[in-house]
Amino acid sequence: MKKLNEILYRVAIVETDGGTDISVDSIAFDSRKAGPGCLFVAVKGTQVDGHEFIEQALAKGASSVVCEAMPGTRNPDVSYIKVADSKKALGIIASNFYDNPSEDLVLVGVTGTNGKTTIVTLLFQLFQMMGFGAGLLSTIRNQVDRRVVDSTHTTPDPVQVNQLLRAIVEEGCDYAFMEVSSHAIDQERIAGLDFNGGIFTNLSHEHLDYHATFKEYLETKKRFFDELPPHAFALSNTDDKNGKVMLQNTRARKYTYG
């Protein structure tokens, strides 16, 4: 349980209607998973708009709502928080709700078209063989040290990511290795995470069913490196002509391989 004002830390708030000194028991962005004391985050997805399900979430007991557009009719017993980008807000809120577990780990993200699963798995196994506690978030499976957790997406949603990272911390691990897909970057599923490193594998003409152009696909991948903090490292494959592009604007320490 957390106070709403605590989990809104670092969120870019446009407007509030209602108090923020209230308790939040859970976070949901799917109205079917809302419940008493829940904070419902209305996210505009590729298929559906969560703003259309605010009333359903409130009917299930949600006591606060984060949204990009305030509802025309509001419940006086509910706190409404308007933000510029609810997808990004969801990531930051989830990190805050789980006490920012990525800050307690050395978190390394791997992105690119091919090789992500191989690299995160090799790093995870290598660190375990050296005696370090580690976590794994991959397409094949997620692991909390020795315990396997079912995997449904290359990069889980922000709530699942932070649940997993918190479990990895509580298991006593110091490291976590995570696949970072272009979908996850674009949908802000990694917002709020503190990465200590990013690795680029390669880029080929895939996922253009989601990204309108190859340029958009490339720029989405590059954004991951652009947003790495100065204390992180950025390791890029320069055998791929796009490898140097990934490092152009990063604040992280730059390294290459080939």
Side-chain angles (χ1 to χ4, degrees), residues 91 94-95 98-185 187 189-204 206-207 220-222 224-225 227-229 231-240 242-243 246-247 250 252-258:
S95 287
Y98 289 99
D99 294 320
N100 296 290
S102 62
E103 295 179 4
D104 297 327
L105 292 162
V106 175
L107 177 63
V108 177
V110 181
T111 195
T113 305
N114 301 304
K116 296 187 295 295
T117 304
T118 300
I119 290 176
V120 293
T121 303
L122 286 172
L123 286 169
F124 170 71
Q125 292 177 349
L126 176 64
F127 273 68
Q128 282 204 321
M129 289 172 68
M130 292 193 298
F132 295 104
L136 172 69
L137 286 77
S138 80
T139 310
I140 305 301
R141 65 181 175 187
N142 299 318
Q143 269 192 244
V144 177
D145 204 20
R146 305 290 175 183
R147 178 165 59 88
V148 177
V149 181
D150 289 339
S151 177
T152 56
H153 295 81
T154 304
T155 309
D157 68 62
V159 178
Q160 291 174 319
V161 166
N162 283 280
Q163 280 178 331
L164 280 165
L165 292 177
R166 176 47 57 192
I168 290 165
V169 171
E170 291 180 352
E171 195 69 23
C173 301
D174 295 315
Y175 298 88
F177 304 100
M178 174 179 178
E179 287 189 51
V180 178
S181 68
S182 59
H183 292 64
I185 300 166
Q187 296 169 11
R189 282 188 244 152
I190 58 171
L193 299 184
D194 179 30
F195 283 93
N196 295 88
I199 301 171
F200 171 73
T201 61
N202 50 58
L203 209 63
S204 61
E206 293 185 26
H207 304 301
T220 301
K221 293 288 191 187
K222 181 177 177 293
F224 171 58
F225 292 93
E227 294 176 357
L228 286 175
H231 66 258
F233 70 82
L235 174 61
S236 187
N237 173 20
T238 50
D239 282 346
D240 186 303
N242 300 296
M246 298 298 149
L247 302 180
T250 187
R253 303 186 308 277
K254 301 176 185 180
Y255 301 96
T256 62
Y257 71 97

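Worth saying up front: this structure is predicted, and the values here are computed from it rather than measured.
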Taking G258's backbone N and O only, do any of them form a donor-acceptor pair with N237's side chain (distance below 3.5 Å, no angle check)?
no
Q163: which residues meet the side-chain hydrogen bond (donor to acceptor under 3.5 Å, both in side chains) condition with it, sequence neighbours left out?
Y98
CG-CZ distance between L136 and F177, expressed to the nearest 0.5 angstrom
9.0 Å
side-chain contact (heavy atoms from CB on, under 4.5 Å) partners for S236, two or more places apart:
F200, M246, L247
Rounded to the nearest 0.5 Å, what's the gap from NZ on K222 to CD on E227? Could you check?
10.0 Å
Measuring from atom CZ of F195 to atom NE2 of H231, what distance do you get when rounded to the nearest 0.5 angstrom?
10.5 Å
Just checking, is any N or O donor in the side chain of S95 or N162 under 3.5 Å from an acceptor N or O on the other one?
yes
Can you tell me how far apart CG (L165) and CD (E170) are? Round to the nearest 0.5 Å.
11.5 Å
Any heavy-atom pair between the side chains of L105 and V169 that's under 4.5 Å?
yes
Is N100 reaching over with its side chain to a backbone N or O of E103, donor-acceptor style, under 3.5 angstrom?
no
No-hydrogen, no-angle side-chain donor-acceptor test under 3.5 Å, S182 and K221
no
Rounded to the nearest 0.5 Å, how far apart are CD1 of I199 and CG of L235?
5.5 Å
Salt bridge (Lys or Arg N to Asp or Glu O under 4.0 Å) partners for D104, two or more places apart:
R166
Spacing of OG1 belonging to T111 relative to CE belonging to M178, to within rounding of 0.5 Å
10.5 Å
Applying side-chain contact (heavy atoms from CB on, under 4.5 Å) to T238 and not counting sequence neighbours gives K244, T256
Side chains of Y255 and R253 in contact at under 4.5 Å (non-hydrogen atoms)
yes
According to salt bridge (Lys or Arg N to Asp or Glu O under 4.0 Å), who are the partners of D99, at least two apart in sequence or on a separate chain?
K2
Candidates N142, V149, V110, V144 - the one meeting side chain to side chain contact (heavy atoms under 4.5 Å, CB included) with L137
N142
Between the main-chain N or O of L193 and the side-chain N or O of S102, is there a donor-acceptor pair closer than 3.5 Å?
no
Could you tell me whether a side-chain N or O of N196 sits under 3.5 Å from a main-chain N or O of L107, the two making a donor and an acceptor?
yes
Give me the atom names and distance for the closest heavy-atom approach of V161 to P156.
CG2-O, 3.4 Å
With a 3.5 Å cut-off and sequence neighbours excluded, list the donor-acceptor pairs that the side chains of residues 121-133 form with protein atoms.
from	atom 1	to	atom 2	distance (Å)
T121	OG1	T117	O	2.7
Q128	OE1	R146	NH1	3.2
Q128	NE2	D145	O	3.3
Q128	NE2	D145	OD1	2.9

